[in-house]
Chemist: 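Here it is, the structure, as structure tokens.
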Amino acid sequence: MAEQDDYEALDVSKEDNSKEWGASFTVDGITYAASIFWESLQNVDAPFLDAKEAVENGVADADLFCVKHGKSPQLGLASTTQGFKKGMNVAAVTAVTSMSDASSLLAVFKVDAGYWYLCVRNDVILSDGDVLFVKEEDAKEQFMSMLSVPDWAKKVAPAEWGIEETEDKNISEVFANGLDAKLEKINALRGFELVVAIALPAIILLFGLKYVADLFSSNNTAANKVVTRRAKKKVVKEVEKVIPAPWEAMVDPAWMLDNCRQTILSLVAISTPGWVNSGVTCSQSSAITSWKRNFGRLSWIEMSLSYSGLTFANKSIDERGSTVTVSIPFQSVEKITSAPKKSSLELRNMINDLFQTLNMSISLANGQAKAGKKVYEMLNFKINSKYDPEVWKPLLTKFSGLKINNIRYNKGVWNYEGTIYVQ
């Protein structure tokens, strides 16, 4: 938005909660429209016809539209009554074309008017995948609900959120490399369409007169001519891509527990005088750890790492040479299909009973994961324990639909975070 009072926060109620969203934000002095409704585009050559049809069929209360070209062309719809204006640049198109190397993108950008959420799956902007949230917690909740969906090519989130395997991108740099698209009026006749609207009646009249003249001047004995009609062009609708349920290709929790245990114990076993390990975090794709210097020399820790027998993908050293961080990627990740068998209530009761038997505490929270148009329910859990994964393996793997998100170890304490999908 060019001026602050151009911005209007809108309140969208969803069942028992409401989330405020906005229509635009400003980047480098340019106003970008966000919170646009997206659907597939069939008539690429005349998109305004699809836009008019969508409005007439009640798909959206809109009087503005835009187009996203590419592998999966889409139509964006917006309304001036919600704060959108003709000629506004469309944020989603600019971002998607800038990051076209990622066919599936999950991102939140911190902007002047709030937090802009963008979700693209298989080159398609989801219908609720373009939202400018006014409140940070709403944007983070939406981001986390989609994070459990597998196979994101790119994940972008503010650095202060501290979410693993995400990157913090400057939206000015992203938009600098993207293509521009602007909101246009749906009912306005533009360019070629305007010429056709004026010329078409005259063309029809001329052809009608010529047909009558030819009819009277033709020889009555002439053989009848065979007239071949051009076949109508078939409109092939895009086949909706089948998105598998989250549990159909999950990282095998037994493999992850074993692999993380072995890798973590190997990392913390690296002992260097004067250097203290800061803890290890193991995810589904890698393990990361760092050491901080109390005394001694940098060459000592580097020698310990070279003699450890481990292969490190990345090694970084801070400017003062007092913190060394390394990571170990996992090359062959084992995956399984593990469909849930329990309802949320049954699962919660089973877990609570188990941990009461163990005289231990566990943190449980309801959650959701969205894959395509389907929403899957789940229980998120956190466990703090002195026991390593070898002890927890037979207890955790008894639950179907189990996904281990990460395991952290620091000074004898193991932290487990994961998800269990429910029926």
Side-chain angles (χ1 to χ4, degrees), residues 14-17 19 104 106 117 119 121 126-129 137-152 155 163-165 241-258 260 282-285 333-385 387 389 391-408 414-423:
K14 294 184 179 179
E15 296 180 357
D16 59 342
N17 66 337
K19 297 179 180 179
S104 292
L106 179 63
Y117 166 80
C119 184
R121 194 73 178 176
L126 301 188
S127 58
D128 59 349
E137 57 268 26
D138 291 341
K140 190 171 184 180
E141 178 185 346
Q142 184 74 9
F143 183 88
M144 296 302 295
S145 70
M146 291 298 294
L147 192 59
S148 58
V149 178
D151 302 326
W152 294 108
K155 292 178 285 189
I163 301 175
E164 293 183 7
E165 300 180 3
K241 296 179 181 178
V242 178
I243 300 177
W247 58 75
E248 291 185 15
M250 293 196 302
V251 174
D252 185 352
W255 173 88
M256 184 171 174
L257 288 164
D258 289 339
C260 283
C282 183
S283 67
Q284 297 180 346
S285 59
V333 179
E334 296 181 9
K335 294 191 175 184
I336 61 169
T337 296
S338 179
K341 298 179 181 178
K342 302 291 182 181
S343 68
S344 179
L345 180 59
E346 289 176 315
L347 187 61
R348 185 180 286 271
N349 289 340
M350 285 180 60
I351 294 174
N352 284 331
D353 184 69
L354 172 62
F355 277 80
Q356 288 169 6
T357 303
L358 298 173
N359 196 26
M360 295 181 61
S361 62
I362 182 172
S363 172
L364 294 174
N366 292 323
Q368 290 183 334
K370 187 174 182 181
K373 296 181 180 180
K374 294 184 178 180
V375 177
Y376 300 91
E377 303 292 330
M378 60 190 179
L379 280 179
N380 296 316
F381 67 85
K382 294 181 181 180
I383 305 170
N384 295 331
S385 169
Y387 300 115
V391 176
W392 283 108
K393 179 180 174 181
L395 296 173
L396 291 177
T397 54
K398 67 186 293 184
F399 299 106
S400 57
L402 171 71
K403 174 186 174 185
I404 305 294
N405 295 326
N406 59 69
I407 301 173
R408 297 185 180 91
W414 297 82
N415 299 314
Y416 304 83
E417 292 187 15
T419 292
I420 306 176
Y421 289 95
V422 300
Q423 284 185 330

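By convention here, the first residue in the shown sequence is residue 1.
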Chemist: Testing the basics here: between M378 and Q368, what is the closest heavy-atom pair and its distance to 0.1 Å?
Modeler: CE-O, 3.3 Å
Chemist: So how far is it from F381 CZ to K403 NZ, rounded to the nearest 0.5 Å?
Modeler: 11.0 Å
Chemist: For E165 and S285, which heavy atoms make the closest approach, and how far apart are they?
Modeler: OE2-OG, 2.9 Å
Chemist: Measuring from atom CG of L345 to atom CE of M350, what distance do you get when rounded to the nearest 0.5 angstrom?
Modeler: 12.0 Å
Chemist: By side chain to side chain donor-acceptor pair (under 3.5 Å), which residues pair with K382, not counting sequence neighbours?
Modeler: none
Chemist: Can you find a heavy atom in the side chain of D258 that is under 4.5 Å from one in the side chain of P389?
Modeler: no
Chemist: Can you find a heavy atom in the side chain of F143 that is under 4.5 Å from one in the side chain of I163?
Modeler: yes
Chemist: Can K155 and E164 be counted as an ion pair, charged N to O under 4.0 angstrom?
Modeler: no
Chemist: Less than 4.0 angstrom from a charged side-chain N to a carboxylate O is my criterion; do E417 and R408 meet it?
Modeler: yes
Chemist: Show me the pairs that pass side chain to side chain donor-acceptor pair (under 3.5 Å) and involve residues 349-365, at least two apart or across chains.
Modeler: none
Chemist: Say you draw a straight line from CH2 of W255 to OG1 of T397; how long is it, rounded to the nearest 0.5 Å?
Modeler: 15.5 Å
Chemist: Tell me, do L106 and L147 make a side-chain contact under 4.5 Å, heavy atoms counted?
Modeler: yes
Chemist: If I compare all heavy atoms of M256 with all of V251, which pair ends up nearest, and what's the gap?
Modeler: CB-CG1, 4.3 Å
Chemist: Using every non-hydrogen atom in the two residues, find where S344 and N366 come nearest and quote the distance to one decimal.
Modeler: OG-OD1, 3.8 Å
Chemist: Does anything in residues 349-379 pair up under ring pair (Phe, Tyr, Trp, His ring centres under 6.0 Å), and if so which pairs, sequence neighbours excluded?
Modeler: W247-Y376, F355-W392
Chemist: Run the side chain to side chain contact (heavy atoms under 4.5 Å, CB included) test on I362 and Y416 for me, step by step, so that the C-alpha distance in whole Å, both residues' side-chain angles and the decisive distance to 0.1 Å come before the verdict.
Modeler: CA-CA 10 Å; I362 182 172; Y416 304 83; over 6 Å; no
Chemist: Check whether any side-chain heavy atom of K370 sits under 4.5 Å from a side-chain heavy atom of S145, and report yes or no.
Modeler: no
Chemist: Say you draw a straight line from CG of D128 to CD of Q142; how long is it, rounded to the nearest 0.5 Å?
Modeler: 6.0 Å
Chemist: What distance do L364 atom CG and I351 atom CD1 have between them, rounded to the nearest 0.5 Å?
Modeler: 5.0 Å
Chemist: Compare every heavy atom of Y421 with every heavy atom of M250, then report the nearest pair and how far apart it is.
Modeler: SD-CE1, 3.9 Å
Chemist: In Å and rounded to the nearest 0.5 Å, what is the CG to CD1 distance from L396 to I404?
Modeler: 5.0 Å
Chemist: Side chains of L395 and L358, heavy atoms from C-beta outward: is any pair under 4.5 Å?
Modeler: yes
Chemist: Are the side chains of L379 and T419 in touch, meaning some heavy atoms are under 4.5 Å apart?
Modeler: no
Chemist: Between K393 and A254, which heavy-atom pair has the shortest distance, and what is it?
Modeler: CE-CB, 3.8 Å
Chemist: Any sub-3.5 Å donor-acceptor pair from W152's side-chain atoms to M146's backbone N or O?
Modeler: yes
Chemist: Evaluate the side-chain proximity of C260 to N406: yes if any heavy-atom separation is below 4.5 Å, no if none is.
Modeler: no
Chemist: Determine whether R121 and L126 make a side-chain contact, defined as any pair of heavy atoms from C-beta on separated by less than 4.5 Å.
Modeler: yes
Chemist: Report yes or no: does S400 contribute a side-chain atom to a donor-acceptor pair with the main-chain N or O of P340 at less than 3.5 Å?
Modeler: no
